[in-house]
2 protein chains.
Amino acid sequence: MALEDYFQPFSQRDWEREDVDGTVRMAVVGLGGFALKRALPAIAAGKYCETTTLVSGSVRKAATTAERYDVEHVVDYDEFRRGEVADAYDAVYVATPNALHGEYVRAAADQGKHVICEKPLETTAERARELVDVCADAGVTLMTAYRIQLESTARRTREIVADGYIGEVVQVYGGFSHPVLETTSPDTWRLDPDLAGGGALVDLGIYPLNTTRYLLESDPVAVNAWTCSLEPAFDEVDEHVTFTLRFPGEITASCTASFNAHASSHLRLVGTDGMISISAPFGGVVPQNVIVERGEFSVEYTGNPDDEVEEEFDYFGYCVLTGTEPGPSGRDGLEDVRVIDAAYESAETGQWSDL
Amino acid sequence: MALEDYFQPFSQRDWEREDVDGTVRMAVVGLGGFALKRALPAIAAGKYCETTTLVSGSVRKAATTAERYDVEHVVDYDEFRRGEVADAYDAVYVATPNALHGEYVRAAADQGKHVICEKPLETTAERARELVDVCADAGVTLMTAYRIQLESTARRTREIVADGYIGEVVQVYGGFSHPVLETTSPDTWRLDPDLAGGGALVDLGIYPLNTTRYLLESDPVAVNAWTCSLEPAFDEVDEHVTFTLRFPGEITASCTASFNAHASSHLRLVGTDGMISISAPFGGVVPQNVIVERGEFSVEYTGNPDDEVEEEFDYFGYCVLTGTEPGPSGRDGLEDVRVIDAAYESAETGQWSDL
């Protein structure tokens, strides 16, 4: 297959294999910045989901949002748990602080509702595994909200890798930094270990971790990590993290994440026959700039950004409507939390943690 | 200082501070591919050195080269050690297999000659330290041949970093891969641990290692490394290596090198206020493509390649003629070998090696 063919059409929805009627009615649980700025507009713009219910600690504040997106119901967390308007939604998007995911995923599963849950799935592997089991027992779909997996750059790259276009992958590099205090106050739940489960690794490092697993279609066998915090705001969680993953076939991935560095992300895969470099893969709006080298050739592709969040919710809706198990499943989310647990253990012991 | 000012003029020889008369007459010891294809042409093209003596195991083969570069003397290794034409040269370029560096550096120092020695300085830190001491005792200059340190991209980047333009450096990424068997036979000394002192780490990994030390003006405090070999040709040395360096101030550098992957190199520094990314810094002819980001701005500089080897030999000649201690000194070379020793120890123990 010629390289151009992977990129044409770049933004094809390869997952959309059949015509589907109907819409998945969504309850959005937790109205933080991402839910307000990205998820609600994406659900409204997409074709398979619609928001019928908002769940918020501040019902009054949520009313403005409800009006803006023409949402019928606004309930508080207690009312949601009791399923007071459960007839109004088929599925639940859980976008609360990480340590509260379990509570709302469980409530949704109890109500027989499908779930798309923000990453990380939970704060420990044990808690994440419970959610996978709860949803399996209830027979509802559980998707972990890895938006990158629905982004065309990642999907096309995965095809190029799977076809062996760059030979066997040897070494991967991935990094994601975001100066969290420039957009959030220091009392954000993201810097509270009980609510977040960790710091830069949990919130940002999970992107190169999950994306590398996605692109290699493989899970790491060991991890070595090092964390540090310099500024007082990061006293209780890792401000910076540097970790190395070892995959089967002796592939390594060298990853970093930082809560207190210039906003920046990159991903690079070096194989025996070629190389793929993706500019800014994790930052939210992916510029779809990809360089692929093989032998003496270097090809640069520059496309138009997708709205990866719209892709993500349409994919979730499609999976629910067709009874398809989502690619970024609950088990996928669980696996990352397992690796994160092992990485923090490695940072403590100074040794590799086997997985 | 405005960013443009760092890049204008890009290829300034900031080290050339005074007018200097005279030429350093060079003996080139070991006529491998790099000496023939890069060093001899660079010395001929430059202004401070000239080659007067070739030292080779095959005097007959060297005669053609001598004619081509108008070189007066050709001697074999024994004749060189005995100093038979020592009056014809002021300095010696040692470009033999790594484990033989010591022998010829020592001979040169005994003859009172200045030395520029290929990297790594020697195969172990103990042996490298002896060379530093021998040259110090003899009162001769010892430079380790780190061509990147004389390359404009690296020099300008170092200034940008030192001025704090990207804030405090947080995380560094560097990688260098070169499919050694595409250009060399499997019986190359580079795959013989006794002659080379190691594999991909020693031959290629030393570039991101030394360049990161150079750019940060700092030495690592600990290293964690992992090596592997898959192909039989690499049975005795590391085919691939992935290592993490920790520097003072909690800076980390995530580095890789491979003897058996697509030819590729990159270097990226993420700081608190900005980011610098250098395309292909180590591959031999640096494209001088640098992207610098700070805040909302991104500036890309694309210059004309220097001949970094010509820069390197002119710098060495200038240092000898002016009695200046070279930037990439013997101690600089020793430090990298110390880190390499510690990295191999880490790869054995699975733990961080302190430095």
Side-chain angles (χ1 to χ4, degrees), chain A residues 166-177 179 182 222 224-231 239-246 249-266 268-277 279 291 293-296 346 349-352, chain B residues 166-177 179 182 222 224-231 239-246 249-266 268-277 279 291 293-296 346 349-352:
Chain A
I166 62 164
E168 301 292 322
V169 174
V170 174
Q171 286 156 344
V172 180
Y173 276 83
F176 189 14
S177 50
E182 285 184 12
N224 189 286
W226 184 78
T227 61
C228 77
S229 295
L230 299 170
E231 299 287 327
E239 177 180 353
H240 310 296
V241 60
T242 299
F243 59 104
T244 306
L245 304 165
R246 275 170 29 213
E250 314 290 25
I251 301 167
T252 59
S254 304
C255 301
T256 59
S258 173
F259 261 155
N260 193 16
H262 174 71
S264 155
S265 74
H266 67 285
R268 186 182 182 95
L269 296 94
V270 178
T272 48
D273 299 335
M275 191 277 302
I276 304 175
S277 172
S279 303
I291 295 170
E293 293 178 5
R294 185 168 73 169
E296 308 284 305
S346 166
T349 64
Q351 305 194 349
W352 288 88
Chain B
I166 62 165
E168 301 291 324
V169 174
V170 173
Q171 286 157 343
V172 181
Y173 275 82
F176 188 13
S177 51
E182 285 184 12
N224 190 285
W226 183 78
T227 61
C228 77
S229 294
L230 300 170
E231 299 287 326
E239 179 179 349
H240 309 297
V241 61
T242 299
F243 59 104
T244 306
L245 304 166
R246 275 171 29 212
E250 315 290 25
I251 301 167
T252 58
S254 303
C255 301
T256 59
S258 173
F259 262 155
N260 193 17
H262 175 71
S264 155
S265 74
H266 67 284
R268 187 181 181 96
L269 296 95
V270 178
T272 48
D273 299 335
M275 190 279 300
I276 304 175
S277 171
S279 303
I291 295 169
E293 292 178 7
R294 185 168 73 169
E296 308 284 305
S346 166
T349 63
Q351 306 192 348
W352 289 87

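Quick caveat: nothing in here was measured; it's all calculated off a predicted structure. The sequence lines fix the lettering, A, B, ..., with proteins before strands; numbering per chain opens at 1.
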S.K.: Top residue by heavy-atom pair count (under 4.5 Å) with chain A, among B:Thr272, B:Thr256, B:Val169?
M.R.: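 The answer is B:Thr256.
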S.K.: Could you tell me which residues satisfy side-chain contact (heavy atoms from CB on, under 4.5 Å) with A:Gln351, sequence neighbours excluded, listed by chain and number?
M.R.: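 Listed in chain order: A:Thr349, B:Gln351.
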S.K.: Evaluate the side-chain proximity of A:Asn224 to B:Trp352: yes if any heavy-atom separation is below 4.5 Å, no if none is.
M.R.: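 Yes, at least one pair of side-chain atoms sits under 4.5 Å.
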S.K.: For B:Ile166 and A:His262, what are the C-alpha separation, side-chain angles and deciding distance, and is it a side chain to side chain contact (heavy atoms under 4.5 Å, CB included)?
M.R.: CA-CA 8 Å; B:Ile166 62 165; A:His262 174 71; over 6 Å; no
S.K.: Using a cut-off of under 4.5 Å for heavy-atom pairs, which of B:Arg294, B:Met275, B:His240, B:Arg246 has the most such pairs with chain A?
M.R.: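 Answer, by heavy-atom pair count under 4.5 Å with chain A: B:Arg246.
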S.K.: Side chain, backbone, both or neither: which part of B:Val172 has a heavy atom under 4.5 Å from chain A?
M.R.: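 Looking at B:Val172, nothing touches chain A.
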S.K.: Got a sec, which residues hit ring-ring contact (aromatic ring centres under 6.0 Å, His included) with A:His266, two or more places apart in sequence or on another chain?
M.R.: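 Checked A:His266 against ring-ring contact (aromatic ring centres under 6.0 Å, His included); matches are B:Tyr173.
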S.K.: Side-chain contact, heavy-atom cut-off 4.5 Å: A:Ser258 with B:Val270?
M.R.: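 A:Ser258 vs B:Val270: side chains apart.
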S.K.: Examine whether an atom of A:Ala253 lies under 4.5 Å from a heavy atom of chain B, and if so say whether it belongs to the side chain, the backbone or both; otherwise answer neither.
M.R.: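 When you check distances to chain B, no heavy atom of A:Ala253 falls under 4.5 Å.
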S.K.: Heavy-atom pairs under 4.5 Å with chain B are the metric here; pick the option from A:Ser277, A:Gly249, A:Gly295, A:Ser346 that has the most.
M.R.: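 Counting heavy-atom pairs under 4.5 Å, the top option is A:Gly295.
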S.K.: Just by modelled atom types, is the A:Val241 backbone N or O under 3.5 Å from a matching donor or acceptor in the B:Gln171 side chain?
M.R.: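 Flag set: sc B:Gln171 to bb A:Val241 pair under 3.5 Å.
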S.K.: So does A:Glu250 have more than 12 non-hydrogen atoms from other groups sitting under 6.0 Å from CD?
M.R.: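 Count over threshold, so yes.
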S.K.: Quick one: what part of B:Ser265 sits under 4.5 Å from any heavy atom of chain A, side chain, backbone, both or neither?
M.R.: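 Only the backbone of B:Ser265 comes within 4.5 Å of chain A.
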S.K.: CD1 of B:Ile291 to OG of A:Ser279: how many Å apart, nearest 0.5 Å?
M.R.: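 B:Ile291 CD1 to A:Ser279 OG: 7.0 Å, rounded to 0.5 Å.
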S.K.: For chain A, find which of B:Pro179, B:Ala222, B:Gly274, B:Gly167 contributes the most heavy-atom pairs closer than 4.5 angstrom.
M.R.: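 When all of B:Pro179, B:Ala222, B:Gly274, B:Gly167 are compared, B:Gly274 has the most.
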S.K.: Nearest heavy-atom pair of B:Ser254 and A:Ser254: which atoms, and what distance?
M.R.: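 Here B:Ser254 and A:Ser254 meet closest at CB-CB, 4.0 Å.
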S.K.: Would you say the side-chain atoms of B:Thr252 and A:Thr242 include a donor-acceptor pair closer than 3.5 Å?
M.R.: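 There is such a pair (donor and acceptor under 3.5 Å, judged by atom type) between the side chains of B:Thr252 and A:Thr242.
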S.K.: Considering all heavy atoms of both residues, which atom of A:Glu293 and which atom of B:Ala263 are nearest to each other, and what is their separation?
M.R.: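 Result for this residue pair: OE1-O, 4.1 Å.
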S.K.: What's the verdict on side chain to side chain contact (heavy atoms under 4.5 Å, CB included) for A:Asn260 and B:Val170, showing C-alpha distance, side-chain angles and the deciding distance?
M.R.: CA-CA 9 Å; A:Asn260 193 16; B:Val170 173; over 6 Å; no
